Asks: 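I am attaching a structure below and will ask some questions about it afterwards.
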Number of protein chains: 2
Amino acid sequence: MTEVGTGYPDRVKPSGRPTIKDVAKAAGVSPTTVSHALNGKGVVRRETVQNIERIAAEIGYRPSAIARGLQNSRLGLLALVIRPFHSLDTFLPEGVDYFLRIAGSASLTAMEHGYSMMLVDDPTRPGVPLSALAADAYIVTEPFEDDPVLTMLTEQRIPFVTVGADPARRGEFLEIDEGAEQQASLMISHLAEVGARRIALVAGTDRNDWNLGSIRTLEAWAAERGQEPLVFAMPEAEGEQAGETIVEHFFDGDPVERPDAIFCLTGRHAAGVTAAAIRRGIRVPEDLLVAAGSGAMQNRTSSPTVTTLDLHPEETARRAVEIAVRLAEGRDLELPLTVPSATLDIRESTTRG
Amino acid sequence: MTEVGTGYPDRVKPSGRPTIKDVAKAAGVSPTTVSHALNGKGVVRRETVQNIERIAAEIGYRPSAIARGLQNSRLGLLALVIRPFHSLDTFLPEGVDYFLRIAGSASLTAMEHGYSMMLVDDPTRPGVPLSALAADAYIVTEPFEDDPVLTMLTEQRIPFVTVGADPARRGEFLEIDEGAEQQASLMISHLAEVGARRIALVAGTDRNDWNLGSIRTLEAWAAERGQEPLVFAMPEAEGEQAGETIVEHFFDGDPVERPDAIFCLTGRHAAGVTAAAIRRGIRVPEDLLVAAGSGAMQNRTSSPTVTTLDLHPEETARRAVEIAVRLAEGRDLELPLTVPSATLDIRESTTRG
DNA sequence: CTGAAAGCGCTTACAG
DNA sequence: CTGAAAGCGCTTACAG
């Protein structure tokens with residue numbers, strides 16, 4: 001026994017986790033056999049397998065994900081890149097629901113498929129941890145126009161799926177998305193149905209498909225009616241604070257240009273607009289219809305409650321993860337790249353009489 | 001050039017990412033030198049370094065986090081274990097804010113320190129991905145009594161810090177926490193100050209310190225006054241639905257036992273209680289004070305708005321990550337294990353006159 | 001049925 | 001200043 005090694009016959013070495021060698025030594029077999037036994041590969045005698053399993057359990061052996069990952073360069077790790085992370089100011093209690101719901105659902109779905117889920121902000125920033133690039137596949141939500149993250153993942157040949165399209169490269173990548181235009185149309189039709197003639201759109205400032213597509217849709221709608229489109233862009237992070245500015249913008253100008261409906265893409269803007277309008281004596285929904293493109297919690301509890309789109313983020317995240325898992329495993333997709341359609345949650349702010 | 005290898009002099013091999021060998025070959029040096037040059041270790045001539053850097057950039061080389069992790073068994077990965085993940089029903093729009101705010105803040109703080117952050121549900125469940133155990137250090141929020149996760153991490157010698165104590169093993173592990181008792185006292189004192197004589201506590205059903213410590217505190221408070229404590233446990237996931245049941249429980253019984261204040265640990269329960277009380281003609285705050293231990297969004301927008309504790313989850317997460325990073329790097333803690341104190345957000349539900 | 005050897009992509013003494 | 005060798009903890013042909 002002059003062998004170099006742990007030198008601890010029946011015990012693991014004093015520091016660090018037990019390795020496959022420790023198990024092999026304790027069981028009096030080779031590492032190869034341990035590997036075979038524990039993974040059900042090759043042919044190993046029943047008794048040997050059972051003995052090895054017992055000993056492995058005894059000494060608390062767990063294979064290292066890292067070492068195993070080195071073989072197939074797969075860690076069993078997925079990454080969710082929430083592009084508008086910083087724009088969101090996520091950490092205020094008013095934080096936009098949508099992405100948090102995505103993150104929660106994605107994490108759980110990943111676990112169900114035997115993957116862990118990493119939350120990544122921007123893997124192209126200088127100084128990102130190497131681990132931020134170590135996932136087997138990526139999900140990128142709401143990519144920006146010509147998004148460098150997508151470019152980089154492509155260059156590195158790391159598989160990914162996008163939730164929402166890169167507005168400048170639609171169709172170039174694997175994307176799941178209902179399409180912002182479709183979603184915006186749903187709300188605009190609803191507003192028109194309940195009487196709106198002059199709909200203003202309040203978008204965010206990120207150059208993603210959600211903002212750009214919605215703006216295009218509103219512009220088209222206005223053009224059909226020979227109107228100048230009423231569009232206002234406001235940073236997402238402003239939250240409810242933005243309400244005052246938005247209302248001022250639309251109501252302090254020329255009276256003929258005043259909207260009779262304001263469609264805010266983010267729920268927090270809509271909440272702010274409703275409050276600001278009421279403070280000015282503008283009644284909602286009597287004088288002004290208000291709606292939001294993505295529900296925030298306060299839209300359900302404010303007075304009046306505010307009509308929103310439900311984008312079904314949990315379901316979308318679930319699909320995205322299923323796709324990412326297939327990409328990670330190099331399997332065929334065989335999946336329709338469909339996503340649940342947005343639905344309307346009609347509330348007081350667009351219900352007259 | 002009959003050498004075995006990539007065989008692509010100036011190019012990387014057709015599939016897979018370029019490795020250090022590809023760079024070495026293209027630069028006409030050894031892998032060792034590439035490693036030295038790119039990591040600033042050893043002594044390499046300036047020109048050689050620059051040449052290697054240029055070539056590495058050209059072929060898009062990035063070191064593999066996995067291979068590097070194998071040396072020091074560190075991936076640059078932290079894990080956040082949100083224990084009550086399932087109890088929370090996180091994915092409804094009413095989802096408890098607290099943990100989502102923790103997750104967001106933790107992810108960002110991790111990135112700032114050069115780490116990625118993984119969201120893990122329960123790493124002790126059979127069939128969890130290996131990667132769920134591959135983090136360099138863990139943060140476990142609100143562990144249960146005798147929490148198996150803590151036991152397992154200890155056995156595996158994986159460093160971790162706890163947010164909130166394991167109620168059965170207080171002080172045995174590294175924990176940061178203001179202490180549920182202190183937090184509950186803050187709210188109970190406030191309620192007493194504004195006139196409550198008979199305070200009921202609605203706790204959750206998870207056996208964590210937050211629930212157990214709060215119950216103890218209320219019991220002590222009642223005992224001091226020679227009262228039977230009014231305590232009711234309700235699954236966290238019931239959310240606002242629970243309001244009706246809770247109000248029934250306290251108001252359909254013996255009149256002398258009716259509370260004049262209800263302190264719900266979760267914001268959603270408080271929202272439900274407020275609504276249910278009002279439906280019964282019980283006025284809030286005139287007849288009944290209502291407060292929540294952890295703010296949910298709807299408490300700020302409901303009518304009446306509901307008084308809550310602000311636990312400052314972002315700041316807490318930040319501290320937890322800083323500690324986890326030090327643990328991961330085997331550095332001295334040198335940090336006070338303090339955490340921001342809870343503060344009161346006093347709102348209409350406890351403001352009389 | 002079992003094990004020695006090579007290799008995954010790096011890093012780190014160590015020798016030249 | 002540079003590189004050959006060993007090793008991190010596994011798996012996977014392959015030989016016995």
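For clarity, every value in this text was computed on a predicted model and none was experimentally measured. Numbers restart at 1 for each chain; the letters A, B, ... are given by sequence-line order, proteins then strands.
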Asks: Quick one: which of D:dT11, C:dT2, C:dT11 gets closest to the side chain of A:Arg45?
Replies: C:dT2
Asks: Regarding A:Thr154 and A:Thr151, do their side chains bring together a donor and an acceptor under 3.5 Å, going by distance alone?
Replies: no
Asks: If the threshold is 4.0 Å, N to carboxylate O, is there a salt bridge linking B:Glu58 and B:Arg54?
Replies: yes
Asks: Output the single nucleotide from D:dA5, C:dG3, C:dC10 whose closest atom is nearest the side chain of B:Thr32.
Replies: D:dA5
Asks: Check the phosphate of D:dG9 against A:Thr19, side-chain N and O only, distance under 4.0 Å to OP1 or OP2. Yes or no?
Replies: no
Asks: Quick one: on DNA chain D, does B:Gly28 or B:Ala67 contact a more 5' nucleotide (nearest heavy atom)?
Replies: B:Gly28
Asks: State which of C:dG9, D:dT11, C:dT12 makes the closest approach to the side chain of B:Ser35.
Replies: C:dT12
Asks: Using whole Å, what does the distance between atom C1' of nucleotide C:dA6 and atom NZ of B:Lys21 come to?
Replies: 11 Å
Asks: Whole Å only: how far is the CZ atom of A:Arg62 from the C1' atom of D:dG9?
Replies: 16 Å
Asks: Tell me what A:Arg74 touches on the nucleic acid: a base, only sugar-phosphate, or nothing, going by heavy atoms under 4.0 Å.
Replies: nothing
Asks: Looking across every strand, which nucleic acid part, if any, lies under 4.0 Å from B:Ser64 by heavy atom: base, sugar-phosphate, or nothing?
Replies: sugar-phosphate
Asks: Find the partner of C:dA13: check Watson-Crick (N1-N3 plus N6-O4 or O6-N4) and G-U wobble (N1-O2, O6-N3) distances, both under 3.5 Å, and reply none if neither fits.
Replies: none
Asks: Heavy atoms, side chains only, cut-off 4.5 Å: are A:Glu53 and A:Leu38 in contact?
Replies: yes
Asks: Could you let me know what D:dA4 is paired to, Watson-Crick or G-U wobble, both distances under 3.5 Å, or none if it's on its own?
Replies: none
Asks: If you measure only the distance, is there a donor-acceptor pair under 3.5 Å linking the side chains of B:Gln156 and A:Tyr61?
Replies: no
Asks: What is the separation between atom CG on A:Asn39 and atom P on C:dT2, rounded to the nearest whole Å?
Replies: 16 Å
Asks: How long is the line joining CD1 of B:Ile66 and P of C:dC10, in whole Å?
Replies: 10 Å
Asks: Over all strands shown, is A:Arg46 touching base, sugar-phosphate only, or nothing at heavy-atom distances under 4.0 angstrom?
Replies: nothing
Asks: A:Leu70 has a side chain; which of D:dT2, C:dG9, D:dC10 sits nearest to it?
Replies: C:dG9
Asks: How many Å lie between CD on A:Gln71 and C1' on C:dA6, as a whole number?
Replies: 11 Å
Asks: Quick one: B:Asp136 CG to D:dC8 C1', roughly how many Å, whole number?
Replies: 15 Å
Asks: So, does B:Thr33 get its side chain near the phosphate of D:dG3, meaning an N or O under 4.0 Å from OP1 or OP2?
Replies: yes
Asks: I want to verify a distance call: between C:dT11, D:dC10, C:dG3, whose nearest atom is closest to the A:His36 side chain?
Replies: C:dG3
Asks: Would you kindly give the CG-to-C1' distance between B:Leu133 and D:dC10, to the nearest whole Å?
Replies: 16 Å
Asks: Taking only side-chain N and O atoms of A:Lys41, does any of them lie within less than 4.0 angstrom of OP1 or OP2 on D:dT11?
Replies: no
Asks: A:Ile176 and A:Ile323: side chain to side chain contact (heavy atoms under 4.5 Å, CB included), yes or no, with the steps?
Replies: CA-CA 9 Å; A:Ile176 62 172; A:Ile323 292 170; 3.4 Å; yes
Asks: NA contact type, B:Val44, heavy-atom cut-off 4.0 Å: base, sugar-phosphate, or nothing?
Replies: sugar-phosphate
Asks: Rounded to the nearest angstrom, tell me the gap between atom CD1 in B:Ile20 and atom P in D:dG7.
Replies: 19 Å
Asks: Taking atom types as modelled, is there a side-chain donor on A:Arg68 or A:Asn39 under 3.5 Å from an acceptor on the other?
Replies: yes
Asks: Ignoring the backbone of A:Thr48, work out which of D:dC10, D:dT2, C:dT2 is nearest its side chain.
Replies: C:dT2
